[in-house]
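Structure first, then comments.
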Protein chains: 2
Amino acid sequence: MTVRTYGQFCGVARALELVGERWSMLIIRDLLLGPKRFTDLRTGLPRIPASILSSRLNDMESSGVLRRRVLPQLDAAVVYELTEYGAELDQILLQLGLWGARSLGVPGQQDVFTLDSAILSLYTTFRAEAARNAHVSFELRYGPMVVHALVDGGALKVAEGSYPAADLVICSQASLVPLLTGEVSADQALRSGLVAIEGDPAHLELFTSLFHIPSAPKPSVGLAVH
Amino acid sequence: MTVRTYGQFCGVARALELVGERWSMLIIRDLLLGPKRFTDLRTGLPRIPASILSSRLNDMESSGVLRRRVLPQLDAAVVYELTEYGAELDQILLQLGLWGARSLGVPGQQDVFTLDSAILSLYTTFRAEAARNAHVSFELRYGPMVVHALVDGGALKVAEGSYPAADLVICSQASLVPLLTGEVSADQALRSGLVAIEGDPAHLELFTSLFHIPSAPKPSVGLAVH
DNA sequence: CTGGATCCCTCACGATACTG
DNA sequence: CAGTATCGTGAGGGATCCAG
């Protein structure tokens with residue numbers, strides 16, 4: 001189980017040796033939302049072979065990114081959870097998700113849309129600075145999957161399940177990406193049937209201002225200016 | 001050349017399909033510092049097979065992360081440079097480098113320390129908020145490799161080569177990591193011979209406050225709280 | 001000399017089956 | 001349920017060769 005290295009004395013190379021193998025980042029993505037069992041991870045990552053999941057978990061446990069924990073229950077349930085070190089990847093994962101979301105096309109026939117990525121997508125696209133004075137709650141229904149998002153003045157909490165007190169219920173028939181990029185306005189989304197809502201249409205306008213996929217670059221650090 | 005996918009409709013998965021293959025991130029790391037020729041990239045990544053470099057460049061060109069450009073010269077020199085989209089990975093790469101630097105041990109016998117990673121390491125460890133009122137210049141000598149860093153009130157510019165007007169010259173005999181993490185103080189580093197300087201020792205103290213590898217976590221977004 | 005392409009070998013990945 | 005074992009395939013690694 002000797003990890004392949006890059007032969008470089010470099011923080012980036014080291015990071016990639018820890019979490020750069022195929023599937024590792026997606027495992028971490030799912031664990032960011034809480035400890036999970038082996039089977040939970042398989043469910044969230046339908047295409048990962050069990051043997052690969054097993055070896056990734058072992059590798060990342062050895063390197064201190066996550067840990068195995070035996071729950072104090074009769075059935076001795078085992079969960080995997082991020083260590084503090086591993087959990088510090090959260091911002092990086094969110095930014096990477098936002099960067100990648102910009103080139104998400106339409107979902108392919110084979111693509112799965114999991115609960116965890118639905119929840120994560122709300123965190124990645126959340127614009128805290130636009131939510132300073134916002135206090136609003138949404139329930140989102142992606143087919144059978146239901147999550148809710150509570151916006152409370154710059155803070156966001158997303159979780160699974162319904163939220164009967166929600167200010168707005170959004171039922172999406174397809175990908176919300178065009179709405180989040182601004183390619184489609186709230187109005188257009190409603191009229192075209194991209195989404196259906198229960199509640200005040202003005203709240204959908206608010207939703208698009210709180211959750212957004214920027215098409216223009218954020219100001220760069222200025223390394224690659226030419 | 002059909003790219004392996006993860007079969008997920010998710011920004012993180014999409015990002016990994018674009019830049020998650022082995023070596024891709026390190027290619028981008030080097031290109032963050034400016035356009036480079038095929039041979040320059042090979043020099044900075046000694047262990048990458050030419051065939052892999054070639055296919056990564058082609059893949060990332062197809063996906064819009066970088067572009068080939070033919071310089072208007074007689075020899076028709078070709079350079080590779082990041083697109084605007086690719087360049088937006090800069091913050092992510094810097095943060096990933098900082099995260100990985102925390103588990104950098106001592107450089108292995110086989111490890112190379114390239115000019116680009118030396119320059120990048122200064123960007124990754126730079127603390128702009130600690131440099132608000134700082135105006136100072138450093139020359140760093142890692143064996144035969146020489147770079148200089150200009151700190152100008154929260155802004156940093158690092159480049160290759162000597163800088164005769166530098167306020168402080170730092171000659172490192174070994175890895176600077178212990179100094180940057182605070183494991184070794186500026187005083188101890190001098191007395192132990194970890195570094196030798198030309199200039200005011202007080203500037204070395206300043207250096208350690210400007211460039212730092214935090215051992216404690218930065219505040220997390222609060223996803224993985226349990 | 002740069003910018004690759006081609007060959008071959010090895011090992012990680014991926015699918016399936018199996019066990020405590 | 002929670003993984004490990006087996007095994008074929010294809011990507012990575014290294015050397016060599018070729019075109020502009």
Side-chain angles (χ1 to χ4, degrees), chain A residues 1-8 13 16-27 30-31 35-63 66-81 110 112, chain B residues 1-8 13 16-27 30-31 35-62 66-81 110-112:
Chain A
M1 193 186 295
T2 158
V3 184
R4 276 195 307 188
T5 71
Y6 286 99
Q8 299 230 343
L16 294 173
E17 288 164 6
L18 295 177
V19 301
E21 308 263 329
R22 188 163 162 77
W23 293 108
S24 293
M25 286 279 203
L26 292 182
I27 294 170
D30 282 8
L31 291 181
K36 287 204 161 49
R37 310 187 56 147
F38 192 89
T39 307
D40 298 333
L41 288 168
R42 289 191 71 172
T43 305
L45 270 22
R47 308 248 300 236
I48 192 174
S51 57
I52 299 293
L53 177 56
S54 181
S55 73
R56 292 289 177 277
L57 290 172
N58 286 323
D59 290 348
M60 291 197 285
E61 185 186 5
S62 306
S63 55
L66 56 83
R67 77 172 69 90
R68 268 174 75 104
R69 189 157 55 101
V70 179
L71 294 183
Q73 294 176 195
L74 294 179
D75 61 350
V78 173
V79 294
Y80 298 89
E81 62 184 1
Q110 312 240 44
V112 299
Chain B
M1 191 186 295
T2 160
V3 185
R4 276 197 303 188
T5 71
Y6 286 99
Q8 300 230 344
L16 294 173
E17 289 164 5
L18 294 178
V19 300
E21 307 264 328
R22 189 164 162 77
W23 292 108
S24 293
M25 286 280 202
L26 292 183
I27 295 170
D30 282 9
L31 290 182
K36 286 202 164 48
R37 311 186 54 149
F38 191 89
T39 306
D40 298 333
L41 289 168
R42 291 192 68 172
T43 305
L45 271 23
R47 308 248 302 236
I48 192 175
S51 56
I52 300 293
L53 176 56
S54 182
S55 74
R56 292 291 177 276
L57 289 173
N58 285 322
D59 290 348
M60 291 197 284
E61 185 186 5
S62 305
L66 55 82
R67 75 171 71 89
R68 263 173 77 106
R69 188 155 57 101
V70 180
L71 294 183
Q73 292 176 198
L74 293 180
D75 61 351
V78 174
V79 294
Y80 297 89
E81 62 184 2
Q110 311 239 48
D111 288 354
V112 298

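By convention in this document, chain letters (A, B, ...) are assigned in the order of the sequence lines, proteins followed by strands, and residues within each chain are numbered from 1. Any value given below was found using the heavy atoms of this structure, including those in side chains, with hydrogens, waters and symmetry copies removed.
Between A:Tyr80 and the phosphate of D:dG3, there is a side-chain N or O to OP1/OP2 separation shorter than 4.0 Å.
In this structure A:Glu21 satisfies the side chain to side chain donor-acceptor pair (under 3.5 Å) test with no other residue, sequence neighbours excluded. Checked against side chain to side chain donor-acceptor pair (under 3.5 Å), B:Arg47 has no partners two or more places apart in sequence or in another chain.
Per the geometry, CG belonging to A:Asp59 stands 17 Å off P belonging to C:dC11, to the nearest Å. Taking atom CG of B:Leu45 as the reference point, atom C1' of D:dG13 lies 14 Å away to the nearest angstrom. In this structure, the CZ atom of B:Arg68 is 8 Å from the C1' atom of C:dG3, given to the nearest Å. Distance A:Asn58 CG to D:dG3 P: 9 Å, rounded to the nearest Å. Rounded to an integer number of Å, the gap from B:Arg37 CZ to D:dG20 C1' is 13 Å. One atom, CG of A:Asp40, and another, P of D:dG3, lie 11 Å apart when rounded to the nearest Å. Look at CG on A:Leu16: it is 14 Å from P on D:dG12, rounded to the nearest Å.
A donor-acceptor contact shorter than 3.5 Å links the side chain of A:Gln8 to the backbone of B:Gly44.
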Table of protein N/O atoms under 3.5 Å from nucleotides 13-20 of chain C N/O atoms:
from, atom 1, to, atom 2, distance (Å)
C:dC13, OP1, A:Glu21, OE1, 3.1
C:dC13, OP1, A:Arg56, NH2, 2.7
C:dC13, OP2, A:Arg56, NH1, 3.4
C:dC13, OP2, A:Arg56, NH2, 3.1
C:dC13, O3', B:Arg4, NH1, 3.0
C:dG14, OP1, A:Arg22, NE, 2.4
C:dG14, OP1, A:Arg22, NH2, 3.2
C:dG14, OP1, B:Arg4, NH1, 3.2
C:dG14, OP2, A:Trp23, NE1, 2.9
C:dA15, N6, A:Ser51, OG, 3.4

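For the pair A:Arg22 and B:Tyr6, the cation sits on the ring face: its NZ or CZ lies under 6.0 Å from the ring centre, inside 45° of the axis.
Here CD1 of B:Ile48 is found 5.5 Å from CH2 of B:Trp23. Values are rounded to the nearest 0.5 Å. Rounding to the nearest 0.5 Å gives a distance of 9.5 Å between CD1 of A:Ile27 and CG of A:Asp59.
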